[in-house]
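Each remark here refers to the structure printed beneath this line.
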Amino acid sequence: MEFLLQPLTLLTFFPLVGVLVLLFIPSDNKNALRWTALGASLVTFGISLWVLAQFNASNVDLQLVARYDWITVAGWNIQYFLGLDGLSILLVLLTAFLAPISILSTWTAVEERVKDFMLFFLLLEVGMMGVFLAQDLFLFYIFWEFTLVPMYFLIGIWGGPRRIYAAVKFFLYTMAGSILMLLAILWLGIYGQTFSVPDLIAQANVPANIQWWLFLAFAAAFAIKVPMWPLHSWLPDAHVEAPTAGSVILAGVLLKMGTYGFVRFNLPLFPEASVRAAPWIALLATIGILYGAMVSYAQKDVKKLVAYSSVSHLGFVMLGLFAMNEQGVAGAILQMINHGLSTGALFLLVGMIYEQTHTREMKVYGGLWKITPVFGSIMLIVSLSSMGLPGLNGFVGEFTILLGAFGSKSIGTNVYAILSALGVIMAAVYILYMFQKMFLGPQGEIVDEVKKHGHGIRDLNLRELVTIVPILIFIFWIGLYPKPFFDLMAPAVAHLVGMLPIP
Amino acid sequence: MLFSEATPSGFFFLAPWLVFAPVIGLLINIIFGGRFSEKVIGTVASLASGASFIVSVLLAWSLAAGGGHAVSVPFAEWMHIGSLELDWTFRVDSLSTTMMLVVSGVGTLIHIYAIGYMHEDVRFKNDLGRFRRFFVFLNLFIAAMMILVSGDSYLMLFVGWEGVGLCSFLLIGFWYEMDTLGRPSWANSNAGNKAFITNRVGDFGFLIAGFIMFWAFGSFQFDEVFEAARTVAPGIIVAITLFMLIGVAGKSAQIPLYVWLPDAMAGPTPVSALIHAATMVTAGVYLVTRSAELYMLVPQAQYIVAMTGAVTALFAATIAVGQYDIKKVLAYSTISQLGFMVAAVGMGAFVAGMFHLVTHAFFKALLFLSAGSVILGLERGHHHLAHAQHDDHGKGRKGKKDSHHEDEVFDPGDMRNMGGLRKTMPVTFWLYMIGTLALAGIFPFAGFWSKDEILADALKEGFTGVYWLLSIAAFFTAFYMGRQIWMVFFGEARHEAAAHAEESPRVMTVPLMVLAFLSVVGGALNLPGMHTLTLWLEHTIEVHAGEFVMSVAVISTLLALAAILLSWFIYGRDPLKAGQPDPLKKPLGFLFTGMENKWFVDEGYFAIVIGPFKRISQFLADVIDWRFWHDFVHDTVIAGAYNWFSNIALNRYADQQGIDAFANWLGSATKSLSATMRRVQNGFVRSYALSVLLGVVLIVGYLILK
Amino acid sequence: MNLTPQDYQVLTPYILLTVWACILLLVDLFIPKDRKGLTAMLAALGLALTLGFILSQIGIERVGFSGMVVLDGFSTFVNALLLVSGLLGIALAYGYVKRMGIERGEYYTLLLFSITGMMLMAQAADLIVIFIALELLSIPLYILAAFARPKVESEEAGMKYFLLGAFATGFVVYGTALVFGATGSTELSAIVAYASDGTPGLLLTIGAALILVGFGFKVAAVPFHMWTPDVYQGAPTAVTAFMSSGAKIAGFAALLRVFATAFPYIAADMTDVLWALAALTMIVGNFVAISQTDIKRMLAYSSIAHAGYILMAFVPYGNPDVRDVSIAAGLFYLVSYAVTNFGAWGVVIALEKNEGRGLAIADYAGLGKKYPALAAAMTVFMLSLIGLPPTIGLVGKFYLFRAVIAGGFTWLAIIGVLTSLVSAYYYLRVVVTMYMNDGEPETERETWLGLTTGATALVTVLLSFTPQVLFAWASEAVLKLF
Amino acid sequence: MIPINYYIILSAVLFTIGTLGVLTRRNALIIFMSVELMLNAANLAFVAFARAREIATGQPLFDGQIFVFFVIAVAAAEVAVGLALIVEIFKSKRSIDVDQMSSMKG
């Protein structure tokens with residue numbers, strides 16, 4: 001029982017309780033299914049707050065550790081090892097926070113096979129939590145790969161017309177990276193006689209040339225997940241086809257698993273290799289920022305636009321991480337949260353309008369702000385947050401990242417930071433373009449089209465407001481007063497940066 | 001620290017309320033505005049802005065009482081990461097209070113004016129919900145502008161800097177579903193985007209300057225930066241100041257980033273007055289003044305800033321001559337005047353620049369608002385006319401009339417539709433006249449003093465080139481203002497609407513009168529000999545009192561008068577008739593075509609920057625990312641290779657054409673064997689057996705040969 | 001030569017089962033045609049009894065019949081696994097043979113005989129015994145493959161299996177002859193003793209290679225695999241299910257026993273060969289599976305591919321440092337494959353209808369909607385075959401790759417993971433079809449079938465959380481082997 | 001005394017003939033006979049090896065001969081099953097040409 005009552009164990013596996021309850025609810029009682037899932041995710045969120053209350057930010061070690069021997073026969077040393085520190089606490093909270101929001105967003109959007117949907121969704125939450133909490137490489141890998149499965153179903157069953165293609169592509173693409181990581185994990189496990197991440201970091205004795213290969217193997221898994229240019233090809237497909245809740249979680253949490261992996265594993269486990277790789281990663285990140293921004297501008301499908309914008313945004317995160325100074329890394333971690341909130345919210349909003357119009361072609365929209373003032377205003381705020389307007393969350397992240405990258409010793413040049421700052425301009429270009437095409441200008445043809453079939457396009461209803469307003473609160477909070485968020489991670493970030501052998 | 005540590009007595013603790021007041025105002029309007037009437041909404045917003053003004057006054061008073069020493073009012077921590085320490089701290093010093101007073105003062109007047117203006121505008125454009133939105137945006141603007149001017153660090157300034165950019169975007173595209181004439185169009189929203197994006201280009205420069213600053217000085221806080229700057233290689237400061245200049249060029253509409261400002265006239269007129277004439281666009285001037293200590297260290301950078309301003313001043317003035325839209329003329333005039341200010345602060349004549357900033361705020365706001373009054377007057381006339389016609393002709397000819405209307409949309413801002421408004425709109429006329437004289441720099445109006453100080457400083461500081469450029473620009477200024485006056489208010493009405501134009505209501509004209517008063521007496525702020533403003537700003541920046549140089553004053557006044565005379569000669573003596581081309585067109589030829597078409601700068605940008613950007617984006621997205629990377633590499637090459645490998649190479653090939661295929665593959669080395677195999681026909685069981693044998697041969701062969 | 005009771009104790013389970021099978025053959029004559037279920041029950045009872053006996057033998061190690069057979073932890077482990085496979089095979093066949101109209105009592109007796117052969121294979125310590133065991137397990141399988149006569153596919157399957165099987169046996173026998181020629185003995189311990197005091201010699205190496213060919217055929221390693229898809233497709237599905245697990249387990253057990261006991265001194269040569277076989281098997285099996293549209297053929301290629309994975313565990317057999325771990329990983333993987341494989345075939349049986357309908361992957365469309373439990377089970381099996389959590393397949397692969405990397409064969413491991421990726425492609429297609437395509441599948445509801453599928457699915461998932469028990473057992477089994 | 005190598009070479013030749021027979025003949029019966037030939041090649045090798053070693057060491061060695069008996073016995077069992085299968089196939093296809101047994105492929 002002691003094992004089950006560990007806070008982190010509870011946090012990770014509580015959604016399974018929801019899964020169990022769901023199994024006993026008949027599939028035609030859709031509302032009961034929805035409320036159960038929502039309840040389970042809300043309780044999980046509550047647990048995450050409880051965990052937060054017990055978390056001591058000034059301690060750089062892992063906290064609330066749940067550590068038990070798991071498989072220890074025949075030279076194996078695999079542990080059930082969950083732990084939390086400043087690098088992961090925010091992502092854990094983000095996951096717990098976005099899950100109920102995503103479930104709320106499916107309330108009317110998902111009408112078919114509600115039970116399956118909720119089951120997969122809660123399973124996905126378990127996987128995501130586990131990824132952020134696991135401190136044993138084997139355990140981590142299990143959670144990491146496990147997230148693929150429910151997400152695959154979410155895209156493949158409830159997605160758009162090309163959902164199968166997208167789901168399979170998502171699955172294979174991500175798996176391609178992670179199996180290389182599997183080899184590296186095994187190598188580390190054999191070499192270090194343990195899979196426990198803190199122990200491996202403490203040993204810190206991997207030879208430099210091997211570090212390089214291990215770094216690459218881990219990076220392959222994470223870079224695909226992020227996705228870093230040029231490994232982003234699965235993302236537009238997955239995002240465009242995924243149902244709203246899927247897109248929200250995909251953009252909000254799943255992509256962060258990649259960047260988180262870099263912080264949690266690549267940097268501390270392979271410090272020399274990381275420093276060696278920093279200029280290259282920075283180059284790719286910069287290309288990604290500019291490329292993502294430009295490609296996003298040329299999109300006609302709004303979801304695709306947002307999807308490509310993720311390539312650009314996560315380029316910033318990568319740039320910050322490999323700046324390897326406190327500003328860069330802290331900014332990157334905060335930017336992960338920001339991107340989760342902003343892009344998650346963008347997908348939510350796009351989903352809300354899509355539910356009414358059933359089209360994502362921007363050209364048929366136009367002038368919606370007039371018809372749906374509340375929706376338009378919220379969209380505007382979220383868009384501005386996404387393009388990094390000061391005073392909103394995006395700016396705090398992007399600014400600190402660029403600041404860090406500009407003075408980074410590991411990247412060695414500030415050209416990348418300057419070029420990436422150009423990405424800030426381009427962000428304005430594509431975000432404003434999207435906002436204009438949908439909400440400004442003369443009334444689009446879709447308005448009459450929808451009217452023909454019913455009441456016409458309506459503004460947000462109460463449920464939708466409840467879904468989106470919490471995100472808005474954080475958008476402002478982080479933008480204006482990010483101190484609590486930085487405080488949570490600052491000591492851990494400083495500790496991490498201190499470990500890196502920066503020239 | 002250059003300022004006193006302990007919070008001094010006085011009202012300094014109120015500093016955050018500069019921002020809170022308008023924020024509270026806008027929140028009230030957002031939350032409860034749905035139930036308010038227009039009047040209440042307007043009042044709430046104006047009160048919020050007014051509260052900000054009162055706070056500004058109290059702060060200024062406290063500052064003066066405290067001897068003018070800068071005070072910083074910490075409010076909250078913002079970003080503390082490693083060596084980066086950023087706080088929300090307000091700075092109250094003579095420079096910031098000056099700006100606060102101007103912003104909130106002019107801002108409040110414009111709020112009040114807008115109650116009347118938007119009532120009319122909304123009536124014409126038939127969207128009542130917009131009224132509330134407008135005032136929310138205006139309050140937001142005041143809040144952002146207050147952050148800009150009261151921030152204690154470059155980064156807080158930047159927050160306001162982008163914030164006002166946002167408001168500018170929102171308000172330019174306020175009537176986002178139409179163009180300036182009310183037709184359904186993307187034009188207004190395009191103008192908004194253009195403004196925001198151009199400003200972002202400038203912000204990029206600002207950001208880079210900030211990064212260099214941080215890594216060179218370790219701080220963004222003004223005093224710390226200035227202190228550290230003295231010990232740093234000048235190369236770094238040149239880089240900082242020049243990157244900052246990009247920001248200035250964006251926000252204050254200087255070459256090469258001025259192009260957004262003329263388009264910004266798509267916004268409602270109060271917006272043009274408040275944001276795009278009086279306050280926001282002067283932020284660049286404020287920034288340079290604020291960074292005076294940096295600029296003073298690097299004369300090269302100063303020279304570049306000054307030349308940028310001077311060239312812009314002249315360039316924009318020439319374009320203003322060729323414009324027909326009443327607001328466009330004023331827009332280019334604003335660019336030109338901003339050029340004056342930038343040139344001034346570039347030369348190190350910070351007081352002169354700030355002085356001109358203040359007076360310009362008064363008279364340009366006055367001019368814009370009066371122009372708005374003119375436009376509404378014409379709208380009313382046109383409306384009146386349309387109703388009258390409608391009543392006269394009745395049903396029978398309605399269809400015809402409607403089609404006629406669609407063909408020829410009435411543009412109430414086009415000066416070619418005006419004429420003779422002196423009679424129908426007398427109040428507006430006089431107000432406009434005062435603004436014009438102030439702008440043209442006629443003694444003793446405000447513009448005279450401030451412009452004169454700039455010119456005098458230019459000579460004194462040895463910027464002769466700048467002096468001449470500005471003087472010529474001043475000549476053009478007087479000329480296009482004269483042209484405007486003659487075209488708008490004199491002669492005969494060139495359109496029926498102008499003939500039926502009506503004067504604007506009190507709520508609009510009263511604020512104008514206040515502004516007119518300020519435009520007349522604004523010069524008193526820094527009269528030669530008294531130097532009130534100089535003494536005031538001295539607390540913050542190193543300045544010197546500008547001298548009054550009689551020769552300069554005489555020359556510039558003479559130039560202005562000559563220009564007005566010339567404009568009378570061309571436009572006033574023989575007023576324009578309806579349909580008649582501009583009299584300058586013939587004598588100036590292609591030069592005038594250039595002025596008319598803004599020297600084709602927009603087209604040039606489109607050809608060089610925007611077009612290629614769009615095409616490259618499209619190319620990257622369609623060809624590279626989708627067709628090549630997504631479809632070809634992933635779907636065809638990778639996925640296809642899987643299937644091909646599976647289908648052809650192994651399965652179908654080996655299993656079904658077994659022997660032949662293998663025999664061919666074995667080649668000449670095992671010719672006899674393959675010959676035997678070839679002779680026998682394909683048989684499946686046997687091809688399986690062959691496979692087994694092949695395995696055996698390979699393994700045993702390997703083991704023997706190894 | 002004096003035989004003591006100890007000698008018989010070594011073979012007690014084997015003898016028990018053989019006798020039981022013989023008696024069943026007679027008893028079956030008196031069981032009426034429509035009550036053949038009783039035979040199945042009796043056969044299962046025999047298996048269960050034997051299993052119980054074997055479990056009681058855990059910990060006992062003995063050599064019998066002058067060193068021709070042994071009883072040790074390894075044989076106990078493998079025999080237990082084989083008996084469980086037999087039980088699962090009967091459970092799957094119970095309803096299936098009835099439904100397909102091939103319910104004859106011999107089915108079960110043949111199954112039992114085949115299992116006796118397999119068990120003997122695991123216990124053999126002499127090449128003669130191995131040869132006999134090989135034939136004893138194969139001949140009943142030839143018949144079972146053709147059991148659905150006069151269905152042409154089934155007969156062809158039997159014929160192909162038989163001809164090619166006999167062909168492969170020829171190589172085994174000839175290889176044995178060469179080994180005998182080189183060493184003068186067929187006893188594994190004598191062979192190793194011969195080789196230990198000198199260079200092994202080409203004759204011994206080639207002999208070992210030919211023996212490897214024979215086993216490679218049984219476990220369906222490339223290039224000796226070509227019979228597999230045809231036979232798996234043509235044979236009655238219940239037979240296929242049993243064959244794909246049982247024959248593979250026995251084949252690998254013998255391979256392991258022979259190579260580890262008799263040929264450690266030619267490891268330097270054989271490692272390369274095994275490396276190539278493993279790599280080739282993984283590549284070919286996985287790639288060719290992609291273009292399959294018939295579920296049975298697809299699973300056949302999947303079976304080939306997994307033979308490649310298990311072969312990986314044999315590659316480092318000459319390296320004493322990692323041999324134990326690696327072979328334990330191989331055994332573990334065998335278990336995980338057997339469990340998963342039975343489950344997957346169970347689902348196939350549930351959907352199969354007369355005249356070979358219901359066997360196309362396309363026939364699985366809509367299963368997720370109509371039969372969620374069955375589809376969920378199939379998903380679990382597919383995930384396990386790919387090697388994804390939360391299934392035992394992941395754990396198995398994890399152990400396996402770890403062993404291979406520890407042995408220094410990183411490239412083989414890379415080929416292994418890359419081909420796993422390829423395999424995801426076709427396994428997922430089944431999942432896609434079940435959940436994301438619309439269709440109206442029909443399934444048979446049979447108690448034993450349902451139980452088997454459910455139980456294997458459950459084990460597949462649960463064992464992934466507590467694999468240490470099984471792994472400890474596998475490790476000990478191996479430790480006693482050497 | 002005929003050298004051992006002669007036996008071995010003969011046995012290898014027989015084995016090869018058997019193998020090629022399996023590969024080249026289409027009649028199932030003849031293929032089966034070829035397989036028997038392979039087995040008997042092995043038998044020959046067994047006996048030869050056993051005898052050679054007996055001579056070399058001077059001690060009796062029965063293992064080889066014993067194996068041959070087992071092979072013969074098992075081969076007989078195989079024949080029984082194999083012929084039954086061939087008969088069944090012939091009944092339904094009226095042919096024992098293995099090249100016609102190709103209803104499954106791919």
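Numbers restart at 1 for each chain; the letters A, B, ... are given by sequence-line order, proteins then strands. Note that the structure is a prediction, hence the values are computed from the model and not measured.
In this structure the side chain of C:Phe171 reaches within 4.5 angstrom of the side chain of B:Val692, judged on heavy atoms.
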So B:Val700 and C:Leu210, side chain to side chain contact (heavy atoms under 4.5 Å, CB included) or not? Walk me through it. CA-CA 8 Å; B:Val700 172; C:Leu210 290 183; 4.3 Å; yes

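Between B:Val696 and C:Phe224, the shortest heavy-atom contact is N-CE2, 4.1 Å. Between C:Pro223 and B:Ser691, the shortest heavy-atom distance links the atoms O-OG, 2.5 Å. When every heavy atom of B:Ile699 is checked against every heavy atom of C:Ala209, the shortest pair comes out as CG2-CB, 3.7 Å.
Counted by atom type alone, B:Tyr688 and C:Asp230 present one or more donor-acceptor pairs between their side chains at under 3.5 Å.
Heavy-atom distances place no part of C:Leu280 under 4.5 Å from chain B, backbone and side chain included. With a threshold of 4.5 angstrom between heavy atoms, C:Tyr426 does not approach chain B through any atom at all. Looking at C:Val422, both its backbone and its side chain come within 4.5 Å of chain B, counting heavy atoms on both sides.
Here CG of B:Leu690 is found 8.5 Å from CE of C:Met226. Values are rounded to the nearest 0.5 Å.
Of the listed residues (C:Leu163, C:Asp272, C:Ile206), the one with the most heavy-atom contacts under 4.5 Å to chain B is C:Asp272.
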